[in-house]
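Proteins come first, then strands; the chains are lettered A, B, ... in the order of their sequence lines, and each starts at number 1.
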There are 2 protein chains.
Amino acid sequence: MDQKKRSNCPVSCSLDIWGDKWSLLIVRDLLESQPCTYGDFLKAEEKIATNILATRLQMLEENGIITKSEHPDSKAKVLYQLTSKGIDLLPIIVEIGFWADKYYEIDKSKKAVLKEIKKGKELFVKTTIQRLNKEIVKNK
Amino acid sequence: MDQKKRSNCPVSCSLDIWGDKWSLLIVRDLLESQPCTYGDFLKAEEKIATNILATRLQMLEENGIITKSEHPDSKAKVLYQLTSKGIDLLPIIVEIGFWADKYYEIDKSKKAVLKEIKKGKELFVKTTIQRLNKEIVKNK
DNA sequence: AAATTTGCTTTCAAAATGCAAGTGCAAATA
DNA sequence: TATTTGCACTTGCATTTTGAAAGCAAATTT
């Protein structure tokens, strides 16, 4: 009864994040600077509406892509971070980056980062995923 | 005046296909079996509505991801195929496939294909892109 | 000549979005 | 202690997008 009808992703797995730019933006933000607060997401360049952010965070949590935890300094704050499943989205984000770099103007700093990654893509992805996974453990 | 406000993609390039599952599905279909007709897309498993298909095909064409051309056999039919820019989305679709395979049930045949690709991802991507680009030239 | 196929367009109700304002709680300040 | 501020949301509502079905014109088949 509470079973939601999910959209199909382009490789036959059902998941709402496909077809939602805001979800991808949240994942990208987290990959770049791990624990983020609600406010951090709102501050991002793309100006997500606060109600949309709330629904997307909830959806990502339900799908096991992110987790919520308490901020060490303040109970008023909430920390969001990626799960292993979320971290594994890195290769996709990286490939989107390469593609965008090839066909669109992107800012210099991002261009430089991508150029570095290109030198050893597989290694970069592997070590970054390892690092992010270790950081999860740290926060427990 | 006709300047549409475009959504931002997660890597700072503006493009509507990010955040739209139907666009991704169209690209996936084309990567799997190059020229497709309007009807082919409608026949796909995911059941895109015909009006949505029309707007997405138009959008993808405007963004230089696909092109329309005449069917050699019939004036009633229209062929859609990827441009080089569209073909270059392959690495992204492949990575989405790997991720989905890791975390969701996908059907056996796709699983098998992905397993094969995994053995030599870089080579597979390179040769497939080359092949698809050659096929574009053929159709001219 | 009539029926069917093909590639769309139109209509319209239902759902999703996006902006602004509001709420509740915790922490900082007066 | 009282009050303001900051943070994480929620609510209301107008606008936009979606999705299902029906319609349509041109081309093709029967």
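- Taking the nucleotide of DNA chain C with the nearest heavy atom to each of B/V78 and A/K75, the more 5' of the two is matched to B/V78.
- Side-chain N/O atoms of A/W22 include one lying less than 4.0 angstrom from OP1 or OP2 on C/dG18.
- Between the side chains of A/D40 and A/Y80, no donor-acceptor pair of N or O atoms lies under 3.5 Å.
- In the hydrophobic clustering of this structure, A/Y103 groups with A/I93; members are Ile, Leu, Val, Met, Phe, Trp, Tyr whose side-chain heavy atoms approach within less than 4.5 Å, directly or through other members.
- Out of D/dC9, D/dG19, D/dT11, the shortest distance to the side chain of A/N51 is found at D/dT11.
- In this structure, CD1 of B/I48 is placed 16 Å from P of D/dA21, rounded to the nearest angstrom.
- Among the atoms of the strands shown, only primed sugar atoms or phosphate atoms (P, OP1, OP2) are found under 4.0 Å from some heavy atom of B/S74.
- Looking at B/E116 and B/K111, no side-chain N of the basic residue comes within less than 4.0 Å of a carboxylate O on the acidic one, giving no salt bridge.
- Applying the 4.0 Å criterion to OP1 and OP2 of C/dC8, one finds that B/Y80 has a side-chain N or O inside that range.
- Among the atoms of the strands shown, none is found under 4.0 Å from any heavy atom of A/T55.
- Residue contacts shown for B/F41 are absent, as no nucleic acid heavy atom lies under 4.0 Å away.
- OP1 or OP2 of D/dT17 has not a single side-chain nitrogen or oxygen of B/R56 nearer than 4.0 Å.
- Counting heavy-atom neighbours within 6.0 Å of A/K47 NZ, excluding the residue itself, gives a total above 12.
- Across all strands shown, A/K68 has heavy atoms under 4.0 Å from sugar-phosphate atoms exclusively, and none from any base.
- Atom NE2 in B/H71 sits about 16 Å away from atom P in D/dA27, given to the nearest Å.
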